[in-house]
Student: 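Have a look at this one before I ask anything.
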Amino acid sequence: MLVVAHRGASDELPENTLPAFERAIEVGADFIEFDVHANERGELVVTHDPPRRGAALPKLDDVLDLARGRIGVMVELKTPYRYRRHGMVARALALLDGDAVVVSFQRAALEEVRVLRPSLRTVQHVGYGVSIRGAAGAWAVGFENGRATRRGIARAQRLGFATTVYTVNEAARMRELEALGVTGIFTDRPALAHSVLRR
């Protein structure tokens, strides 16, 4: 099962920061996951919440440079419809290597990804306005941990999707999802996940 460091090793270090991503690499995560917005100047920045004016945030290209050749990246496009004037989706895609994965809650954003970069894998989060069947075209679906049931996971698998679950921080739940054949988990605790799942 893939270990995806949710916003980096965010249980140990401030989320969506270069040190948190570096730590995820150190502990053996398979991917780092992080959130991308555009700031008031149109720069693509890594932060979960909408960027505050003047805030010092990592730039998308800096995070990609840190990760390149060292760890996979799952790039979550946050509310890209807010940043249409900045061409957020196309500009983000232009920076990504071919093995990157693009994640979003917004189906329209992932449809745009598949038009512009059809070879990139996409993860459609489901359960918040998008059904499992409605994720058609995505490589994987993403379930919120509290909504990830045995039945839902099995249905997604029957439809041919890889399956991911966010955010999983307890060892027992990691093992349970592994037994269900889940493809990957997003976790704030990648060191724990690595030890549990690589035992």
Side-chain angles (χ1 to χ4, degrees), residues 2-125 138-140 142 164 166-167 184-191 193:
L2 297 173
V3 174
V4 183
H6 180 241
R7 308 177 196 166
S10 55
D11 188 59
E12 298 182 51
L13 292 160
E15 65 179 38
N16 280 325
T17 61
L18 297 181
F21 300 137
E22 189 67 52
R23 177 61 178 158
I25 294 169
E26 290 173 3
V27 301
D30 299 297
F31 285 84
I32 52 173
E33 180 270 350
F34 51 87
D35 309 298
V36 176
H37 288 266
N39 66 16
E40 73 277 6
R41 295 184 298 279
E43 297 169 320
L44 300 181
V45 293
V46 174
T47 175
H48 177 261
D49 298 319
R52 299 186 310 277
R53 184 176 295 275
L57 299 168
K59 304 289 194 304
L60 173 59
D61 51 358
D62 292 333
V63 175
L64 295 174
D65 286 346
L66 179 147
R68 189 165 285 117
R70 304 173 70 204
I71 193 169
V73 296
M74 290 197 181
V75 180
E76 181 167 342
L77 301 176
K78 300 295 285 190
T79 57
Y81 60 88
R82 293 181 180 175
Y83 309 117
R84 286 190 298 268
R85 69 187 185 280
H86 296 307
M88 175 187 183
V89 175
R91 289 174 54 219
L93 293 181
L95 297 173
L96 299 183
D97 292 341
D99 58 354
V101 179
V102 181
V103 182
S104 190
F105 283 89
Q106 281 74 47
R107 180 179 169 86
L110 294 183
E111 289 173 344
E112 186 176 353
V113 170
R114 290 191 286 270
V115 168
L116 296 174
R117 294 282 303 274
S119 63
L120 288 183
R121 290 177 293 173
T122 57
V123 177
Q124 173 71 66
H125 287 321
W139 164 65
T164 64
Y166 65 95
T167 304
I185 58 166
F186 296 76
T187 179
D188 301 326
R189 306 175 71 188

Student: For V36, is there any backbone N or O sitting under 3.5 Å from a side-chain donor or acceptor partner on E76?
Tutor: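 No; zero donor-acceptor contacts below 3.5 Å.
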
Student: What are the two closest heavy atoms between I32 and A67, and how far apart are they?
Tutor: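 It is CD1-CB, 4.0 Å.
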
Student: Would you say the side-chain atoms of R117 pair up with the backbone N or O of L93, donor to acceptor, closer than 3.5 Å?
Tutor: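 Indeed, once roles are kept as given, a pair shorter than 3.5 Å links the two residues.
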
Student: Judged by atom type as modelled, is there a donor-acceptor pair below 3.5 Å linking the side chain of N39 to the main-chain atoms of R41?
Tutor: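 Looks like yes, one N/O pair under 3.5 Å.
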
Student: Between R82 and P50 (side chain of the first, backbone of the second, donor and acceptor by atom type, cut-off under 3.5 Å), is there such a pair?
Tutor: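 It does not hold such a pair.
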
Student: Restricting to pairs with a member in residues 55-64, which pass salt bridge (charged side-chain N to carboxylate O under 4.0 Å, His left out), not counting sequence neighbours?
Tutor: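 Residue pairs with at least one partner in residues 55-64: there are none.
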
Student: What is the minimum heavy-atom distance between F21 and E33, and which atoms define it?
Tutor: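 For F21 and E33, the tightest heavy-atom pair comes out as CE2-O, 4.1 Å.
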
Student: Could you tell me which non-hydrogen atom of T122 sits nearest to which non-hydrogen atom of A138, and how far apart they are?
Tutor: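 For T122 and A138, the tightest heavy-atom pair comes out as OG1-CA, 3.3 Å.
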
Student: Are V63 and L18 packed together at the side-chain level, in the sense that at least one heavy-atom pair is separated by less than 4.5 angstrom?
Tutor: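 Of all side-chain heavy-atom pairs linking L18 with V63, at least one is under 4.5 Å.
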
Student: Taking V3's backbone N and O only, do any of them form a donor-acceptor pair with D30's side chain (distance below 3.5 Å, no angle check)?
Tutor: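 Here the side-chain-to-backbone pair exists.
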
Student: State, yes or no, whether a side-chain contact exists between H37 and T79 at a heavy-atom distance under 4.5 Å.
Tutor: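 Yes, close enough: below the 4.5 Å cut-off.
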
Student: Only counting residues at least two apart or in another chain, list the ones meeting side chain to side chain contact (heavy atoms under 4.5 Å, CB included) with L13.
Tutor: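 Side chain to side chain contact (heavy atoms under 4.5 Å, CB included) list for L13, sorted by chain: P19, A20, R23.
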
Student: To the nearest 0.5 Å, what is the distance between CG on D65 and CG on L60?
Tutor: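 CG of L60 is found 9.5 Å from CG of D65.
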
Student: Kindly indicate whether the side chain of L77, heavy atoms from C-beta on, has any atom under 4.5 Å from the side chain of V113.
Tutor: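 Side-chain contact under 4.5 Å: yes.
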
Student: Roughly how far, to the nearest 0.5 Å, is CG of N16 from CG of D49?
Tutor: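 Atom-to-atom, D49:CG and N16:CG are 9.5 Å apart.
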
Student: Check this for me, if you would: do R70 and E22 make a salt bridge, where the nitrogen-to-carboxylate-oxygen distance has to be below 4.0 angstrom?
Tutor: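 Looking at E22 together with R70, the answer is yes, because their closest N to O distance falls below 4.0 Å.
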
Student: Are L66 and I25 close enough, and set up right, to give a side chain to side chain contact (heavy atoms under 4.5 Å, CB included), and what steps lead you there?
Tutor: CA-CA 10 Å; L66 179 147; I25 294 169; 3.6 Å; yes

Student: Can you tell me how far CG of L57 sits from CD of E43, rounded to the nearest 0.5 angstrom?
Tutor: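 So the gap between those two atoms works out to 9.5 Å.
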
Student: Keeping the roles fixed (side chain from R91, backbone from H86), state whether a donor-acceptor pair exists under 3.5 Å.
Tutor: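 Yes; at least one donor-acceptor contact below 3.5 Å.
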
Student: Sequence neighbours left out, what passes side chain to side chain contact (heavy atoms under 4.5 Å, CB included) with T167? Give chain and number order.
Tutor: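 By the side chain to side chain contact (heavy atoms under 4.5 Å, CB included) rule, T167 matches H6, N169, D188.
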
Student: Between atom OH of Y166 and atom NE2 of H125, what is the distance when rounded to the nearest 0.5 Å?
Tutor: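 Going from OH on Y166 over to NE2 on H125, the span is 5.5 Å.
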
Student: Can you give me the closest heavy-atom contact between G54 and E40, atom names plus distance?
Tutor: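 The answer is N-OE2, 3.7 Å.
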
Student: To the nearest 0.5 Å, how far apart are CZ in F31 and CD1 in I185?
Tutor: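 Output value for this atom pair is 13.5 Å.
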
Student: Do you know the tightest heavy-atom contact between A29 and I71?
Tutor: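 Between these two residues, the closest heavy atoms are O-CD1, 3.5 Å.
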
Student: About how many Å separate CZ of F105 and CD of Q124, when rounded to the nearest 0.5 Å?
Tutor: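 Going from the CD atom of Q124 to the CZ atom of F105 covers 9.0 Å.
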
Student: Considering only heavy atoms from C-beta outward, does the side chain of W139 approach that of L120 to under 4.5 Å?
Tutor: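 When only atoms from C-beta onward are counted, L120 and W139 do not touch, as no gap falls below 4.5 Å.
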
Student: Between G142 and T164, which heavy-atom pair has the shortest distance, and what is it?
Tutor: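 Reported closest heavy-atom pair: CA-OG1, 3.2 Å.
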
